[in-house]
Amino acid sequence: MSKRFPFAEVEPRWQKYWLENKTFAAGDDTSKPKFYCLDMFPYPSGAGLHVGHIEGYTATDILSRYKRMKGFNVLHCTGWDAFGLPAEQYAVKTGVHPAITTKQNIDNFRQQMQRAGLSYDWDREVDTTDPAYYRWTQWIFLKLYERGLAYVAEIPVNWCPELGTVLANEEVVDGKSEVGGFEVIRQPMRQWVLKITEYADRLLDDLRMVEWPNGTLIMQKEWIGRSTGAEVDFALDGVKGNLRIFTTRPDTLFGATYMVLAPEHPLVDVLTAPAQREAVSAYVEATRRKSDLERQQDKKKTGVFTGGHAINPVNGEKLPIWIADYVMMGYGTGAIMAVPAHDERDWEFAREFGLTIREVVSGGDVQQAAFTETDEGTIVNSTAPDGAFSIDGLTPDTAIPKITEWLATRGLGQKAVNYKLRDWAFSRQRYWGEPFPIVWTDGRHHPLPESQLPLRLPDLQEYKPSGTGESPLANAAEWLATTDPETGAPARRETNTMPQWAGSCWYYLRFIDPKNPGALVDPAKEKYWMPVDLYVGGAEHAVLHLLYARFWHKVLFDIGVVSTPEPFIKLVHQGIILGEDGRKMSKRWGNVVDPNEMIDQYGADSLRIFEMFMGPLEAMKPWSSKGVEGIMRFLDRVWRLYVNEDGSHAFTAEPAPVEALRILHKTIAKVGRDIEDLKFNTAIAQMMVFVNEVNPMPTRSRELLEPFVLVLAPFAPHLAEELWSRLGHTGTLSYEPFPAFDPALVVEDTVTVAVQVNGKLRATLDLPRGAEQAAVQEAAFADERVAKYVTGATIKKVIHVKDKLLNVVVAS
RNA sequence: GCCGGAGUGGCGGAAUUGGCAGACGCACCGGACUCAAAAUCCGGAGCUGCGCAAGCAGCGUGGGGGUUCAAGUCCCCCCUCCGGCACCA
């Protein structure tokens, strides 16, 4: 009857206990050291949690439970990133208010999390769609607005005339709407934009303060894409005005043989010669019809000559001006000087259209390929016609500052820094998002005063798009009509809503003080809990979410709301869990694993441990239901160490033999160390070793078994609580100290030394720890397996690594 | 194309600073218990060759070179897979 761990009865019982007793409520007891352990909170989809969510959540849960036992005040909570498209699309189809669907999904998610035994502080749950929450999202927007970090601009969006709505990138497939397959065009529309570029340098520099995966740091750096170079003005031939270009290679200025403008460049019209007008217009038109994606996918360079020319400021040469879609209006000045000899793209373009390739850095063969090295090669052909200036003979690295300075003193250009990072388009033409606290009068925007927050979403009867490109809020006539809070004049509310990123940009702050009606977060509490010590979530958020959240955090830092420049100190991405067939889990392959089914069949503790046992947290790994079964057998073996078949206690008061204590203390040491390093798979392996070794021993000493329950507790909390109470304790073990290990019991006094001859293993010897070389050598030579190779041979060298190895090198 | 990560038994994976490759689990095989099965417990196993056998020898961490007494680990070249980004001047 009690041969197995009765998880189906035990687990729900303890889950109920934890909830009723608020076991995991984090107090604001600042006398204790704090540990803030954060998961990326989920979007509560209709599909429910999957095993991939559980993986990351279990990892932080184990660490949180461990840290509590280590005496830390642990903040570990979750919430819902609940604004977003799916609930709105469902509402359009069925007329059910997104708030209702969202609530159902949240209830389902919460229930799943509780069934998995996650130790969240449920009193701190936050929901981004709750007006009490989004009031503060709106408040942050007002702060951005006040600081001039939010502005209005015309930005191209994916407009689908047939559907009368703007589409998200993921709703556009191959240039057509995902729903219906209608045409989608890029059309400028009035948008709120956040000036993240103003923080570009700090977002880049402060990456030094965090412990993030290297790949993620690189991705953020590349996304920000800071590059230093020069802006140079080229006079136009026969037309008034200058053409300003950005280049990272001013040292190659003498090698410029043509210019290229982005087709959208404002000077295109002015520069185009009558004879070229038709070709230019056709090209501009063709570019306009291309999506960004198509524009990027075209491998072959295309372009058209405008008929206009620019004058190279260093040598007075006349350079033809082309337009081509490989130059982007959104980066730099939207215009380049083309140096085909030393830029791959310019080289391809020059080859395509038979333009001159002039070498100005020797070191390669520029007729074969562009030579782009800057730390080698020598500048050539780079002396001004009057001989007054030359960079010939320099390396590019030294020539760049020299020519930049020369350009600056002559007023022809100056040093310049450019970023790939662009300002953040911050509005969506949707219903299910935070309304902007903004009203409009006569085309002018005015902020609402803080006292009018939250500005709630109105209830609608109809969630269909307005048809004009405005959000469905444009149909909410009553809500829409308001007055200017300052003058009382009639005003219209902003109909855009904020993107889903908004709520997730600061949720980690609200967990600290979730119910505070008067402030986003109490300053004293913020100072105590921040920064987040560990943040675990998917690598898909490596760039956008993490960059946006860092940006907001820095703004909040500047206005004194938060006390740290960076929000997340340590970051870890859990790997993807593949289906049993090694393919990505998806409905299409029928390989999706439902955590509820696993819990029904094997229990939550088995599921938790298996997810951690599969391999390193960061690795991608395939699921195995057989593997969960194996873990269940392990937990059953643990159970039987404590509980006899008739249900009576197996443990005794007798002292434990020293060999048993050794394995216990080794296990305590390894499991503790591995949890801190997030190496849960090897921690679990060690606990299995413990059970495998203790199981055959006759002892069931409490001295041995009681500490082991505490070691196991972070991983299998239900089983551990149950055994703890059977050991005679009342209440929870969640705050019992994690056992300490005795260093003397962790080291063995006998060690196995490998004996090699010429690097090949010939024998292993069990010797007392600390044996000196002479003793080891004597024992080794006495061993016939070694003697066979060394007697009579000339010994050239003997290498001894204490307690590990002896390598005898003999002449062959 | 560029950037990042990874290639270890039949499978998932282990292996402080270079120091016994394959811990732990899955699957498999054998045994005990049982009328039988399930469950449980005990044992076995990288591959190849020789041997009735305890054993012996060789080969082995994607491939090829190198450094070293010693390489999964360090260096060079190549191959494959996965993830991300893609004309950013």
Side-chain angles (χ1 to χ4, degrees), chain A residues 3-4 213-219 221-223 225-227 229 245-249 252 260 262 293 295-299 301 324-328 330-339 342-346 348-349 418-422 539-540 542-543 573 575-576 578 582 584 609-610 613-616 618-631 633-634 636-637 640 645 673 679 681-689 691-692 695-696 752-765 785 788 796-810:
Chain A
K3 284 161 81 172
R4 320 195 58 169
N214 199 254
T216 305
L217 290 174
I218 291 169
M219 279 161 77
K221 283 178 194 161
E222 288 194 351
W223 191 265
R226 185 188 146 104
S227 60
I245 59 101
F246 173 73
T247 178
T248 55
R249 293 296 303 276
T252 62
V260 186
L293 205 71
R295 190 161 160 174
Q296 288 157 2
Q297 273 164 352
D298 290 335
K299 283 279 169 275
K301 295 276 181 289
D325 64 6
Y326 80 91
V327 174
M328 306 284 152
Y331 182 77
T333 62
I336 61 160
M337 65 170 191
V339 186
H342 306 291
D343 182 282
E344 280 165 27
R345 295 152 301 180
D346 298 345
E348 282 173 37
F349 190 83
N418 254 303
Y419 302 90
K420 281 197 232 178
L421 183 68
R422 290 182 214 171
E540 65 273 21
V543 178
H573 302 301
I576 295 171
L578 304 170
K584 214 165 181 171
I609 295 186
F610 178 67
F613 187 62
M614 286 192 292
E618 300 87 342
M620 177 189 298
K621 42 214 175 252
W623 186 259
S624 158
S625 293
K626 280 283 180 196
V628 195
E629 216 174 299
I631 299 297
R633 281 201 289 267
F634 163 64
D636 288 339
R637 271 202 297 281
R640 285 192 294 269
E645 211 168 313
R673 191 169 62 235
K679 286 159 68 176
N681 52 335
T682 50
I684 293 162
Q686 180 61 35
M687 292 189 284
M688 289 172 169
V689 169
V691 172
N692 290 347
N695 206 25
T752 306
V753 175
V755 181
Q756 300 178 335
V757 179
N758 284 351
K760 275 196 202 306
L761 182 72
R762 295 302 175 188
T764 55
L765 304 171
R785 292 167 299 180
K788 180 162 134 187
K796 287 163 64 180
K797 198 175 188 181
V798 180
I799 286 111
H800 178 241
V801 181
K802 190 173 272 186
D803 296 337
K804 287 234 155 129
L805 161 143
L806 186 82
N807 187 10
V808 184
V809 185
V810 300

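So you know, we letter chains A, B, ... as the sequences are listed, proteins then strands, and number each from 1. In what follows, every heavy atom counts, from backbone to side chain, and hydrogens, waters and symmetry copies are set aside.
Summarising the base pairing, B:A14 is matched to no nucleotide, lacking a Watson-Crick or G-U wobble pair whose two defining distances lie under 3.5 Å. Pairing partner, B:A57: B:U48, with both Watson-Crick or wobble hydrogen-bond distances short of 3.5 Å.
Heavy atoms of A:Arg762 sit under 4.0 angstrom from primed sugar atoms or phosphate atoms, though from no base atom. Within the nucleic acid shown, A:Ile799 comes within 4.0 Å of at least one base atom, counting heavy atoms only. Residue A:Gly630 is in sugar-phosphate contact alone, with no base atom involved, counting any heavy-atom pair closer than 4.0 Å across all strands shown. Residue contacts for A:Thr764: at a heavy-atom cut-off of 4.0 Å it reaches a base atom on one of the strands shown. Counting any heavy atom pair closer than 4.0 Å across all strands shown, A:Gln756 reaches a base atom. Among the heavy atoms of the strands, none lies under 4.0 Å from A:Lys802. Across all strands, A:Pro213 comes closer than 4.0 Å to no nucleic acid atom at all (heavy-atom distances). Counting non-hydrogen atoms under 4.0 angstrom, A:Lys420 reaches a base of the nucleic acid.
Ranking B:C69, B:G12, B:G83 by closeness to the A:Val809 side chain, first place goes to B:C69. Considering only the side chain of A:Ser227, B:A89 comes nearest among B:G25, B:A57, B:A89. For A:Asp343, counting side-chain heavy atoms from C-beta on, the closest listed nucleotide (B:A89, B:G84, B:A57) is B:A89. Distance from the side chain of A:Arg633 is smallest for B:U40 among the nucleotides B:U40, B:G13, B:A89. The side chain of A:Arg640 sits closest to B:U40 out of B:G13, B:C69, B:U40. Out of B:A86, B:A21, B:A89, the shortest distance to the side chain of A:Trp223 is found at B:A86. Listed nucleotides B:A89, B:C26, B:A14 differ in distance to A:Thr248; the shortest reach to its side chain belongs to B:A89. Considering only side-chain atoms of A:Tyr326, the nucleotide from B:G13, B:C87, B:G84 that sits closest is B:C87. For A:Asn681, the listed nucleotide lying nearest its side chain is B:A14; candidates were B:A14, B:C82, B:A21. Closest to the side chain of A:Phe613, from the set B:A57, B:G25, B:G13, is B:G25.
Between A:Phe634 atom CZ and B:G25 atom C1' there is a gap of 11 Å when expressed in whole angstrom units. For the pair A:Met219 CE and B:C85 C1', the interatomic distance rounds to 7 Å; values are reported in whole Å. Following rounding to the nearest Å, A:Leu761 (CG) and B:C56 (P) show an atom-to-atom distance of 11 Å. The distance from atom CD1 of A:Ile631 to atom P of B:C26 is 8 Å, rounded to the nearest whole Å.
Taking the ring axis of A:Phe349 as reference, the NZ or CZ atom of A:Lys301 does not stay both within 45° of it and closer than 6.0 Å to the ring centre.
Phosphate contact (OP1/OP2 of B:A57, side-chain N/O of A:Lys788, threshold under 4.0 Å): present. The phosphate of B:C69 has OP1 or OP2 within less than 4.0 Å of a side-chain N or O from A:Lys797. Applying the 4.0 Å criterion to OP1 and OP2 of B:C59, one finds that A:Lys760 has a side-chain N or O inside that range. Distances shown here put every side-chain N or O of A:Asn807 at or beyond 4.0 Å from the OP1 or OP2 atom of B:C20.
At a cut-off of 3.5 angstrom, the base of B:C20 holds no donor-acceptor pair with the side chain of A:Lys804.
Comparing B:C42 with B:C78, their C1' atoms are spaced 49 Å from each other, to the whole Å. Using P as the reference atom, B:U68 and B:G18 are 16 Å apart when rounded to the nearest Å. Between B:C77 and B:C3, the distance separating the two P atoms is 13 Å to the nearest Å. Between the C1' atoms of B:C56 and B:U8, the separation comes to 26 Å (whole Å).
With a 6.0 Å radius and a threshold of 12 heavy atoms from other residues, nucleotides or ligands, A:Glu344 has its CD atom at or below the threshold.
For the pair A:Phe246 and A:Thr248, the minimum side-chain heavy-atom distance is below 4.5 Å. Considering only heavy atoms from C-beta on, A:Met688 comes within 4.5 Å of A:Phe613 through its side chain.
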Notebook entry, point to check: Between A:Met337 and A:Thr252, does a side chain to side chain contact (heavy atoms under 4.5 Å, CB included) hold up when you go through it step by step?
Noted result: CA-CA 10 Å; A:Met337 65 170 191; A:Thr252 62; 3.8 Å; yes
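B:G13 takes the anti form, because its glycosidic angle lies more than 90° either side of 0.
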